[in-house]
> 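Got a structure for you, written out below as structure tokens; questions coming shortly.
In each ligand, atom 1 is the first atom listed, and ligand 1 is the first ligand listed.
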Amino acid sequence: MFNKRMRIKALLANEAANYQVTVMGWVRTFRNNQFIALNDGSTNNNLQVVATLGLFDERMLKRITTGACIKVAGEVITSLGKGQKVELKATSIEILGDSDAEKFPLQPKRHSLEFLREIAHLRFKTNTFGSVFRVRHSLAYAVHKFFNDKGFVYLHTPIITASDAEGAGEMFKVTCLPLDGTAPKNEDGTVNYKEDFFGRSTNLTVSGQLEGELAAMAFSDIYTFGPTFRAENSNTTRHLAEFWMIEPEVAFNDLEDNMNLAEEFIKFIIKHAMDNNREDIEFLAQRLDEEEKQKPQNERNEMGLVEKLDFVVNNDFERLTYTEAIEILMESNHNKKKKFQYLIEGWGSDLHSEHERYLVEKHFKRPVILINYPKDIKSFYMRMNDDGKTVAAMDILAPGIGEIVGGSQREERLDKLTRRMNEMNIPAEDLNWYLDTRRFGSCPHAGFGLGFERLVQFVTGMGNIRDVIPFPRYPKSAEF
Ligand code: 4AD
Ligand code: MG
């Protein structure tokens, strides 16, 4: 069979020698017309292929260029060279795909991440992105493993929806109506969406939570894991217009159960990656170390990547209320000396990423769970606390990232929920289906959303969220 090959990772892991194999992969370098560094994406470690001088046709050897795809058969032998235990002594080499060395944008040298973002269709072929996306895969697998082992049902919530789950209005419209001004109009001049594909106005989902709640009211424990879309014009290293979110929703859980689940979940998936992707994480840690060395001493991270991940897995997250956090921030030298861009004026202020990062990185030096936020800065569905001022919200803040999880106990009391919707001008008739859960067998329940890319950033140490999703979408960019 053509495809009968050994993966390079398995070949290198096996220290035995003197057996015949076939491998396939892409050439990273070709030295002295003899030594090929071959990579097939199973690991960053290249296989050294030896093309003994005089054994191969010169014209074929000329086609072994960086980027070319080749098939090699030969004998695995103990390597005399440094850096590898075994190498492959080629008996046959076949060119599967040429690569013009003059034109191939990836040279065997270090390229900047900005440059690689412009050629995102080729960046998988680099060590950094090889590691990042193998770790991303592993984290995604661990998400399913965690919830499956606990008996949760994986629910596929719709991508196209008519609801604005967060009530924040940052949605991409979905329409088949013409955009040249000829769309059918209502008498008042607005577009008549009754004539549109779905017979109503629709958008891409910002969250699967509300649909998730419907299913939790029957299965008790569900989670979603799918793409979500936000049309917010945020050009930061933490925001994407298209990102993946994991949203568990659990009947009979209160805010504390919700915190416990989220903390256990985060630790589990990080540990899974540490146990299964050690090589890639160590590679990324080294990469980060080198990057850190370029920074002035006082801006460097105290911990390396591996140390940081170990710390998070093995220590409790700090838990405190929004009110306590505001007190800490008001008292901080940062606020007093006006080092924050947005000064904390007092209770009720929304927290910006600089405040979250101060709490996590400077004050507690560990992940933090903040709870009980003022109702006015949170969504309509969060459960009102007895003080009438705060809601049972929780945000988890991670070092270097800021908010990684947002969640809450939900308002299960119909009267309180509809009152809140009224106050926030959310038309009840649009969410009748949602309110039905509170009419027929309502129960206390809670859930959260974890931004998958922010987690991948945390685990890989990558500074920009655009480098942890294969094809990032952000303002003014939807390439590939
Ligand atoms: O805090 P958010 O907006 O919460 C929700 O959507 C709730 N419905 C979740 C729930 O309770 N089921 O978003 C949740 C998380 C954030 O904490 C953040 O990690 C991530 O999603 N996130 C983004 N990630 C990348 N780019 C963006 N533009 C993001 N917006 C939110
Ligand atoms: Mg949030």
> Give the atoms of ligand 1, by number and element, whose distance to some non-hydrogen atom of Gly407 is under 4.0 Å.
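Near Gly407, meaning under 4.0 Å from one of its heavy atoms, ligand 1 has 11 (O).
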
> Pick, from Ile404, Val405, Leu240, the option with the minimum heavy-atom distance to atom 19 (O) of ligand 1.
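Minimum heavy-atom distance to atom 19 (O) of ligand 1 goes to Ile404.
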
> Taking all non-hydrogen atoms of both residues, which atom of Thr460 and which atom of Leu305 are closest, and how far apart?
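Heavy-atom minimum between the residues: O-CD2, 3.7 Å.
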
> Does Tyr381 have a non-hydrogen atom less than 4.0 Å from ligand 1?
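Judged by the 4.0 Å heavy-atom criterion, Tyr381 does count as contacting ligand 1.
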
> Do Asn46 and Asn39 meet the criterion of a side-chain donor-acceptor pair at a distance under 3.5 Å?
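There is such a pair (donor and acceptor under 3.5 Å, judged by atom type) between the side chains of Asn46 and Asn39.
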
> What protein N/O/S atoms lie closer than 2.8 Å to the Mg ion (ligand 2)?
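As for protein N, O or S atoms lying under 2.8 Å from the Mg ion (ligand 2), they are Glu403 OE2.
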
> List the closest protein heavy-atom neighbour of atom 14 (C) of ligand 1: residue, atom name, distance to the nearest 0.1 Å.
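Answer for atom 14 (C) of ligand 1: Met245 SD, 3.4 Å.
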
> Output all residues satisfying side chain to side chain donor-acceptor pair (under 3.5 Å) with Lys271, sequence neighbours left out; order by chain, then residue number.
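Asp275.
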
> Is Gly451 close to ligand 1, meaning an N/O of one under 3.5 Å from an N/O of the other?
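Between Gly451 and ligand 1, an N or O pair is found under 3.5 Å apart.
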
> Ser408 near ligand 1, heavy-atom distance under 4.0 Å?
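For ligand 1, residue contact (heavy atoms, under 4.0 Å) with Ser408 is absent.
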
> Give the atoms of ligand 1, by number and element, whose distance to some non-hydrogen atom of Arg238 is under 4.0 Å.
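It comes down to these atoms of ligand 1: 25 (C), 26 (N).
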
> Establish, yes or no, whether a centroid distance under 6.0 Å links the rings of His445 and Phe252.
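Ring centres of Phe252 and His445 not closer than 6.0 Å.
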
> Who's the nearest protein heavy-atom neighbour of atom 6 (O) of ligand 1, and how far?
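Ranked first by proximity to atom 6 (O) of ligand 1 is Arg230 NH2, 2.9 Å.
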
> Measuring centre to centre across the rings, with the benzene-like ring taken for any Trp, is His355 within less than 6.0 Å of Tyr342?
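Between His355 and Tyr342, the centre distance exceeds or equals 6.0 Å.
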
> What atoms in ligand 1 come closer than 4.0 Å to a heavy atom of Gly406?
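Near Gly406, meaning under 4.0 Å from one of its heavy atoms, ligand 1 has 1 (O), 9 (C), 10 (C), 11 (O), 17 (O).
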
> Looking at ligand 1, does any of its N/O atoms fall within less than 3.5 Å of an N/O of Glu249?
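N/O-N/O distance below 3.5 Å does not exist for this pair.
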
> Looking only at protein heavy atoms, which one is nearest to atom 4 (O) of ligand 1, and how far off is it?
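Checked against all protein heavy atoms, atom 4 (O) of ligand 1 sits closest to Glu166 OE1, 4.0 Å.
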
> Using a heavy-atom cut-off of under 4.0 Å, does the side chain or the backbone of Phe243 touch ligand 1, or both, or neither?
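For Phe243, the contact with ligand 1 is made by the side chain alone.
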
> Considering the heavy atoms of Ser207, write down every atom of ligand 1 situated less than 4.0 Å from one of them.
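Matching atoms, with element in brackets: 6 (O), 8 (N).
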
> My understanding is that only one of Gln209, Gln409, Glu412 makes a side chain to side chain donor-acceptor pair (under 3.5 Å) with Tyr381; could you say which?
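With Tyr381 as partner, side chain to side chain donor-acceptor pair (under 3.5 Å) holds for just one option, Gln209.
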
> Phe146 and Phe265: aromatic ring centres closer than 6.0 Å?
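For Phe146 and Phe265, the ring centres are under 6.0 Å apart.
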
> Going through the checks in order, is the ring pair (Phe, Tyr, Trp, His ring centres under 6.0 Å) test met by His156 and Tyr154?
CA-CA 7 Å; His156 294 106; Tyr154 175 31; 4.3 Å; yes

> Charged N to carboxylate O under 4.0 angstrom, Glu361 versus Lys365?
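So Glu361 does not pair with Lys365 through a salt bridge.
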
> Checking the N or O distance criterion of under 3.5 Å, is ligand 1 in contact with His239?
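No, there is no polar N/O contact under 3.5 Å.
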
> Would you say Tyr474 and Glu242 are linked by a side-chain donor-acceptor pair, where the criterion is simply a distance under 3.5 Å?
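Glu242 vs Tyr474: no donor-acceptor pair found between side chains.
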
> Can we call the ring centroids of Phe124 and Phe471 under 6.0 Å apart?
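They qualify: ring centres under 6.0 Å apart.
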
> What heavy-atom pair brings Glu403 and Leu397 nearest, and what distance separates the two atoms?
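Looking at all heavy atoms of both residues, the closest pair is CA-CD2, 3.8 Å.
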
> Taking all non-hydrogen atoms of both residues, which atom of Ser207 and which atom of Arg230 are closest, and how far apart?
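Looks like CB-NH2, 4.4 Å.
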
> Using heavy atoms and a threshold below 4.0 Å, how should the contact between Glu403 and ligand 1 be classified: side chain, backbone, both, or neither?
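It is both parts that get close, each with some atom under 4.0 Å.
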
> Tell me which protein heavy atom sits closest to atom 15 (C) of ligand 1, plus the residue, atom name and distance to 0.1 Å.
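Among all protein heavy atoms, the one nearest atom 15 (C) of ligand 1 is Gly449 O, 3.6 Å.
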
> Out of Arg454, Glu232, Glu453, Glu247, whose heavy atom sits nearest atom 12 (N) of ligand 1?
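Looking at heavy atoms only, the winner is Glu247.
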
> Would you say Arg410 touches ligand 1, if touching means a heavy atom closer than 4.0 Å?
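Distance cut 4.0 Å: Arg410 passes for ligand 1.
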
> Does this structure show an ion pair linking Glu264 with Lys267, if we count only N-O contacts that are shorter than 4.0 Å?
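No.
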
